[in-house]
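The structure appears right after this line, and notes come after that.
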Amino acid sequence: MNERLVTTGADERERAAESALRPHGLEEFVGQKVVREQLSLVLDAAKARQAPSDHVLFSGPPGLGKTTLAMIVASEMGAPLRQSSGPAIQHAGDLAAVLSSLDEGEVLFLDEIHRMARPAEEMLYIAMEDFRVDVVVGKGAGATAIPLELPKFTLVGATTRAGLLPAPLRDRFGFTGYLDFYTPEELVQVLRRSASLLGVQLTAEGAAEIGGRSRGTPRIANRLLRRVRDWAQVRGSGIVDRSAARAALEVYEVDERGLDRLDRAVLDALCRRFGGGPVGLSTLAVVVGEEAETVETVAEPFLVREGLLGRTPRGRIALPDTWGHLGLTPPRDAPAGAAWQLGPEDGSDEGPQDAPGGSGAQGPTG
Ligand SMILES: Nc1ncnc2c1ncn2[C@@H]1O[C@H](COP(=O)(O)OP(=O)(O)OP(=O)(O)O)[C@@H](O)[C@H]1O
């Protein structure tokens, strides 16, 4: 089980549990209306031409359905799916081995495609466009490239960081689907479907309660459902209703907005200890007893998205909602969120308050 119930990633064990809940066709896939419609046009056109589909890229945060869609592409095309990932392809030879073993029409799914080694990326451009790889035999001046024809295949790439893909690779995908976070109503639909597959009795209120705490992410919704089901079986009536969801998620310390203990510790330190900031990331991390990287990559993206934390060039700041969420009253001199000059997206800059002993409790000057 994951240490954090609301983390967006999944380990091998969880992925195995997830496979039972995956939609098998586009009509079962909840939400992402635009992507579904665009993708179904691409696939229907390919089927009508009786040819492999164009290469497809899915981009979006973890747990929103990229792997599921890759599997759907293969099943809609009636083709086998071969899976690998960027981190597994560290040499051009690794990729040549995968590509040369494909059959005509097969779908190759490359997860985390942005993490592939550069020489392999370059080999992939040619393979995608010309269905050919150049295998280099020998070394130095005597090295020769032997072209190897490949069968026509469809590449499905998935990435959480489309911006990291070099333009020549991005341009070779005929279609890119951008996945967005799900609405609470869509998550209720995901939960209903999962509950029926798991044989769990789920009430409308129970689904709404879990959906609202799932951070817009089906993976988290399904994970919370499994934990609430456990609670309902052991301590409740077996039915997943609102009170079971509330009681179970209190045990797991997931609050009504989907924040867990780490998220709240960060906000609590920011408001109580540093008067709302700005405070540097590493100081904040020391106070909550975590690595700066964990705070930055695990807690912050969701807090920023929810408008509960701001990243500025001078450090992290509380926003008006932050105080309310913690049940605190902002100090009288706390600025309105808009008055702050918010920093760049990756805003990992350390503020001046990172100096040892800095309290960082002052407001902005401008
Ligand atoms: N639209 C959806 N409808 C129903 N279930 C979904 C949907 N999207 C995702 N899920 C479920 O959520 C879980 C995670 O989905 P998936 O593995 O496809 O996410 P991912 O985007 O590939 O994540 P990662 O980036 O970590 O690989 C799966 O159990 C899947 O069935």
Side-chain angles (χ1 to χ4, degrees), residues 1-40 56-76 81-89 107-116 155-165 176-198 200 202 207 210-211 213-227 229 258 297-298 301-302:
M1 203 205 307
N2 282 290
E3 266 177 49
R4 285 187 85 212
L5 211 53
V6 292
T7 187
T8 47
D11 57 21
E12 282 311 309
R13 216 163 126 194
E14 177 160 34
R15 283 184 195 273
E18 280 182 343
S19 65
L21 301 178
R22 278 190 207 287
H24 296 294
L26 271 180
E27 72 296 335
E28 273 183 71
F29 192 85
V30 175
Q32 311 293 345
K33 193 161 165 276
V34 174
V35 173
R36 259 191 302 137
E37 186 171 359
Q38 293 169 339
L39 181 63
S40 84
V56 173
L57 179 66
F58 295 119
S59 169
L64 298 194
K66 299 181 295 296
T67 306
T68 307
L69 283 172
M71 292 178 172
I72 289 175
V73 168
S75 79
E76 297 269 337
L81 181 81
R82 196 78 68 88
Q83 293 199 53
S84 188
S85 71
I89 296 177
V107 174
L108 172 63
F109 173 48
L110 288 184
D111 202 1
E112 298 186 79
I113 193 169
H114 59 277
R115 293 179 60 194
M116 206 163 48
L155 178 70
V156 180
T159 181
T160 49
R161 313 280 301 272
L164 293 185
L165 284 187
T176 300
Y178 294 95
L179 275 70
D180 213 341
F181 289 102
Y182 292 67
T183 63
E185 295 72 31
E186 289 167 344
L187 290 177
V188 163
Q189 283 182 56
V190 170
L191 286 161
R192 285 222 179 99
R193 184 180 167 277
S194 301
S196 94
L197 289 170
L198 293 170
V200 172
L202 172 70
I210 298 172
R213 299 181 187 219
S214 300
R215 298 174 171 237
T217 306
R219 166 171 293 141
I220 297 177
N222 285 338
R223 188 185 297 144
L224 296 186
L225 175 65
R226 289 195 290 266
R227 296 291 73 80
R229 171 200 56 184
T297 60
V298 175
F302 178 67

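Keep in mind it's a predicted model, so treat the numbers as computed, not measured. Note that ligands are numbered from 1 as they come in the structure, with each ligand's atoms numbered from 1 the same way.
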Per-atom contacts of ligand 1 with [X], taking only distances under 4.0 Å to non-hydrogen atoms:
X	result
Tyr182	1 (N), 2 (C), 7 (C), 8 (N)
Asp111	27 (O)
Leu21	31 (O)

In terms of residue, atom name and distance, what is the protein heavy atom nearest to [atom]?
atom	result
atom 1 (N) of ligand 1	Val30 O, 2.8 Å
atom 27 (O) of ligand 1	Arg15 NH1, 3.3 Å
atom 25 (O) of ligand 1	Lys66 NZ, 2.8 Å
atom 22 (O) of ligand 1	Thr67 OG1, 2.6 Å
atom 11 (C) of ligand 1	Asn222 ND2, 3.8 Å
atom 19 (O) of ligand 1	Gly65 N, 3.2 Å
atom 30 (C) of ligand 1	Thr68 OG1, 3.5 Å

Residue pair [X] / [Y]: nearest heavy atoms and the distance that separates them:
X	Y	result
Val190	Pro218	CG1-CB, 4.1 Å
Asp111	Ala158	OD1-CB, 3.5 Å
Leu81	Ala70	CD1-O, 3.9 Å
Gln32	Tyr178	OE1-O, 4.3 Å

Tell me whether [X] has any N or O atom under 3.5 angstrom from an N or O of ligand 1.
X	result
Leu64	yes
Phe29	no
Pro218	no
Gly31	no
Thr160	no
Arg193	no
Glu28	no

### Message
Among Met71, Arg22, Glu112, Gln189, which one puts a heavy atom closest to atom 16 (P) of ligand 1?
### Response
Arg22

### Message
Regarding Ser75 and His24, do their side chains bring together a donor and an acceptor under 3.5 Å, going by distance alone?
### Response
no

### Query
Can Pro23 be said to touch ligand 1, with heavy atoms closer than 4.0 Å?
yes

### Task
Would you please determine whether Ala158 falls within less than 4.0 Å of ligand 1 on a heavy-atom basis?
no

### Message
Let me confirm one number: the CG-CG distance from Leu69 to Leu26, rounded to the nearest 0.5 Å.
### Response
7.0 Å

